[in-house]
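Throughout, protein chains are lettered first and strands after them, A, B, ... in sequence-line order, and every chain is numbered starting at 1.
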2 protein chains.
Amino acid sequence: MTVDGRVARGERTRTAVLDAAVVLATEAGLHGLSLAQLADTLGVSKSGLFAHWRSKEALQLATVDRAVEQWQERIVGPALRAPRGVRRIRALHEARIDFYAARVLPGGCFFANTEFEYNARPGPVRDRLAEAFDRWTAFLERLVGEAVAAGELRDDVDVRQLAYEIDALGIAAAMRSRLLDPDTAYRHARRGVLHRLRASCTDPTLLPEGQP
Amino acid sequence: MTVDGRVARGERTRTAVLDAAVVLATEAGLHGLSLAQLADTLGVSKSGLFAHWRSKEALQLATVDRAVEQWQERIVGPALRAPRGVRRIRALHEARIDFYAARVLPGGCFFANTEFEYNARPGPVRDRLAEAFDRWTAFLERLVGEAVAAGELRDDVDVRQLAYEIDALGIAAAMRSRLLDPDTAYRHARRGVLHRLRASCTDPTLLPEGQP
DNA sequence: AATCAAAAAGACCGACCGGTCGTATTTATT
DNA sequence: AATAAATACGACCGGTCGGTCTTTTTGATT
């Protein structure tokens, strides 16, 4: 906020720490994240981290928030350049699985990995992840709803169901792109969503593509 | 193998350890599994574990194998009682998501959690998980292929693609049944697969159901 | 140049980690 | 009853964990 040099310096450090934390947590897990390793990676001292966050849990929560910001910038932002409606849904899904296929983060998807990691760890971190997931789901549903409202999808489409299935194919792609062949995972996730959208699309020319 | 008392006692211990390891690893992760906690849970000594497996990694590999056995008994076995074809595919998928909805393991699905955990951990354990996943995928594809051969699914169905989408909905259900509302996750995963199967089904009476 | 708070550093703590080792107990065979 | 192997145990090792403490450095303000 302030341009005060003292505060600005601390803010710069915090952002650098969180960016590194997202990368390390994607690999080792957010629970498995080591503060010593995080500090070493940045060339700072571990005790300095506790000057910015009062505990590891506080840093984990901040890391989730930072990962949400990155997701907005890298996945949602580009997709919003596509025209509203079916084309935007498709752009969003493809931006997402492109992200995995490009192996932007060596460890895969921060959210997919972390959400599975916290399946059996109730607490503030899991709650924060669940909130982020809720917002993401609501966003997907809004996009589908817009496409229905624009007449591009049949108006008997179950918006929540369609959004669920689109997201499910993205989740599966996040897993398989690391565990198995990434190209196959990418192609299957892409074709699955295209097929699903076409089944409810009122205008076939909205989704021009070679294979079904 | 032998009914020799010495071997039988050790075998009993090994099985008990692995069963407990599957439960603990589903919660804490297979990498995050603590041998001390595992030994305490069973009331045995930690050092005793190293008499049966030469390292933690060896125990982890054995745990994966044991989880595969349990999957066969609890998911695949019941599904194989359904008649071959579309009905068996549906039975398999429903046995799978029923398993999550029933919250049989408090931590969710051993394989889903673990496969995401090992996204960024190359090595023997990840290889073993990938092998198990390959066998599972091949099994799903075989079931779909059987349904096509029996004329229950249209013969222009892409077998691998359909198997991929069925599995993707199961993976997503495994995540959401813990992170979010389990009933919603169950219903969406079920409806998604039914909808997908009906789209390629030659005989609608094979999938009698209320909602689309 | 002096000041003073933000920021960073480094030594240190108890707890837990995977793993080793020597020893005691069980069990089938002789 | 004696033996030998399989099994189980408790003490202990070096290393890493999250977290605390005190001290030093940095940099804008006066």
Inset, instruction - Report the residues that fulfil side-chain hydrogen bond (donor to acceptor under 3.5 Å, both in side chains) with A/Glu152, sequence neighbours left out, ordered by chain and then residue number. - result: none
Legend entry - A/Ser55 side chain, from C-beta outward: closest of D/dC17, D/dG19, C/dC17: D/dG19
Legend entry - Atom CZ of A/Arg103: over 12 foreign heavy atoms under 6.0 Å: yes
Legend entry - Euclidean distance, atom CD of residue A/Gln60 to atom P of D/dG18 [Å, nearest integer]: 9 Å
Inset, instruction - With sequence neighbours left out, write down each residue that passes salt bridge (Lys or Arg N to Asp or Glu O under 4.0 Å) with A/Arg88, or none if nothing qualifies. - result: none
Legend entry - Atom-pair distance (CG on B/Leu35; P on D/dG15), nearest Å: 19 Å
Legend entry - Sorted by number, the residues of residues 23-33 of chain A with heavy-atom contact under 4.0 Å to DNA chain C: none
Inset, instruction - Would you mind reading off the distance between B/Trp53 atom CH2 and D/dT7 atom C1', rounded to a whole angstrom? - result: 13 Å
Legend entry - B/Asp40 CG - C/dC17 P separation (whole Å): 9 Å
Inset, instruction - Look at the side chain of B/Glu115 and the backbone N and O of A/Met175, then say whether any donor-acceptor pair between them is shorter than 3.5 Å. - result: no
Could you list the donor-acceptor pairs under 3.5 angstrom formed by side chains in residues 18-26 of chain A, with sequence neighbours left out?
from	atom 1	to	atom 2	distance (Å)
A/Asp19	OD1	A/Arg66	NE	2.6
A/Asp19	OD1	A/Arg66	NH2	3.0
A/Asp19	OD1	A/Gln70	NE2	2.8
A/Asp19	OD2	A/Arg66	NH2	3.3
A/Thr26	OG1	A/Val22	O	2.6

Legend entry - salt bridge (Lys or Arg N to Asp or Glu O under 4.0 Å) partners of B/Arg176, counting only residues at least two apart: A/Asp167
Legend entry - Rounded interatomic separation in angstrom, taking CG from A/Leu49 and P from D/dC17: 13 Å
Legend entry - Set of residues satisfying salt bridge (Lys or Arg N to Asp or Glu O under 4.0 Å) with respect to A/Arg126, sequence neighbours excluded: none
Inset, instruction - Select from A/Arg54 and A/Gln37 the residue whose nearest nucleotide in DNA chain D is closer to the 5' end of that strand. - result: A/Gln37
Inset, instruction - Write down the distance between NZ (A/Lys56) and C1' (D/dT20), rounded to a whole number of angstrom. - result: 17 Å
Inset, instruction - Using the test salt bridge (Lys or Arg N to Asp or Glu O under 4.0 Å), find all partners of A/Asp65 that sit at least two apart in sequence or belong to another chain. - result: A/Arg128
Inset, instruction - Specify the residue among B/Ser34 and B/Phe50 whose closest nucleotide of DNA chain C lies further upstream toward the 5′ end. - result: B/Ser34
Each nucleotide N or O in nucleotides 8-12 of chain C that has a protein N or O under 3.5 Å away: list the pair and distance.
from	atom 1	to	atom 2	distance (Å)
C/dA8	OP1	A/Thr13	OG1	2.6
C/dA8	OP2	A/His52	NE2	2.9
C/dA9	OP2	A/Ser45	N	2.8
C/dA9	N7	A/Ser47	OG	3.0
C/dG10	N7	A/Ser47	OG	3.2
C/dG10	O6	A/Ser47	OG	2.3

Legend entry - Results of side-chain hydrogen bond (donor to acceptor under 3.5 Å, both in side chains) for A/Arg121 - residues two or more places apart only: A/His31
Inset, instruction - Write down the distance between CG (A/Leu59) and P (D/dG19), rounded to a whole number of angstrom. - result: 10 Å
